[in-house]
Amino acid sequence: MSGSYGVSEFDYGQCPCNGNYEHRLIEVDVVVEQRNVVLTNIPQGECPLCGSQVYKMQIMERIETLMATAERS
């Protein structure tokens, strides 16, 4: 997944456990029509205290768009 993201887009706020979410870039493995697809450099916030993980809405929307496009091809 490519894109240019500003620093403010990586502010995930505070976790309910009172930890602060830390920015990470992860890989996501998905299956699209029986094919394995790896999405790389996906921005994610993860709490170092409890392990809770969050994503920005625009990231989830982009992943959904990529999935829909892949399913049509």
Side-chain angles (χ1 to χ4, degrees):
M1 187 167 168
S2 63
S4 175
Y5 303 101
V7 172
S8 64
E9 292 186 58
F10 296 130
D11 181 11
Y12 297 96
Q14 191 171 36
C15 181
C17 79
N18 291 322
N20 289 317
Y21 289 108
E22 296 177 351
H23 171 68
R24 302 175 187 275
L25 294 176
I26 64 164
E27 287 187 354
V28 177
D29 297 324
V30 294
V31 177
V32 179
E33 294 189 2
Q34 300 177 346
R35 293 180 298 171
N36 290 331
V37 178
V38 179
L39 304 175
T40 59
N41 296 324
I42 305 297
Q44 175 196 71
E46 184 172 330
C47 178
L49 300 180
C50 73
S52 173
Q53 300 168 338
V54 294
Y55 300 87
K56 293 289 191 171
M57 183 59 69
Q58 66 266 30
I59 299 302
M60 295 306 298
E61 290 170 348
R62 180 71 176 129
I63 291 172
E64 288 175 0
T65 300
L66 290 170
M67 296 294 295
T69 301
E71 288 175 352
R72 286 191 296 257
S73 58

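Counting from 1, the numbers follow the sequence of the chain as shown.
Taking CZ from Arg62 and CE from Met67, the interatomic distance works out to 12.5 Å, rounded to the nearest 0.5 Å. Between the CD atom in Gln58 and the CD1 atom in Ile63 there is a gap of 11.0 Å [rounded to 0.5 Å].
Considering only residues two or more places apart in sequence or on other chains, Glu61 meets the salt bridge (charged side-chain N to carboxylate O under 4.0 Å, His left out) condition with none of them. Residues that satisfy the side chain to side chain contact (heavy atoms under 4.5 Å, CB included) test with Val37, not counting sequence neighbours, are Val30, Val32, Leu39. For the side chain to side chain contact (heavy atoms under 4.5 Å, CB included) test, residues two or more places apart in sequence or in another chain that qualify with Gln14 are Asn18, Asn20. Glu46 pairs by the side chain to side chain contact (heavy atoms under 4.5 Å, CB included) definition with Arg24, Gln44, Gln53, not counting sequence neighbours. Gln34 meets the side chain to side chain contact (heavy atoms under 4.5 Å, CB included) test with no other residue; sequence neighbours excluded.
Every pair tested for ring-ring contact (aromatic ring centres under 6.0 Å, His included) that includes a residue from residues 28-50 fails, sequence neighbours excluded, so the list is empty. Within the structure, ring-ring contact (aromatic ring centres under 6.0 Å, His included) pairs that include any residue of residues 22-47 comprise Phe10-His23 (at least two apart or interchain). Sequence neighbours left out, not one pair with a member in residues 28-47 passes ring-ring contact (aromatic ring centres under 6.0 Å, His included). Applying the ring-ring contact (aromatic ring centres under 6.0 Å, His included) test to pairs two or more places apart or on separate chains, none has a residue in residues 25-57.
Using a 4.5 Å heavy-atom threshold, the side chains of Pro43 and Tyr12 count as touching. Between Ile42 and Leu25 there is no side-chain heavy-atom pair separated by less than 4.5 Å. Contact check for Cys50 versus Cys15: side-chain heavy atoms found under the 4.5 Å cut-off. Between Asn36 and Val38 there is no side-chain heavy-atom pair separated by less than 4.5 Å.
Nearest heavy atoms, Cys47 versus Gly19: SG-CA, 4.0 Å. For the pair Asp11 and Lys56, the tightest heavy-atom approach, listed with the atom from each and the gap, is O-NZ, 2.8 Å. Annotation for Tyr21 and Pro16: closest pair OH-CD, 3.7 Å, computed over non-hydrogen atoms.
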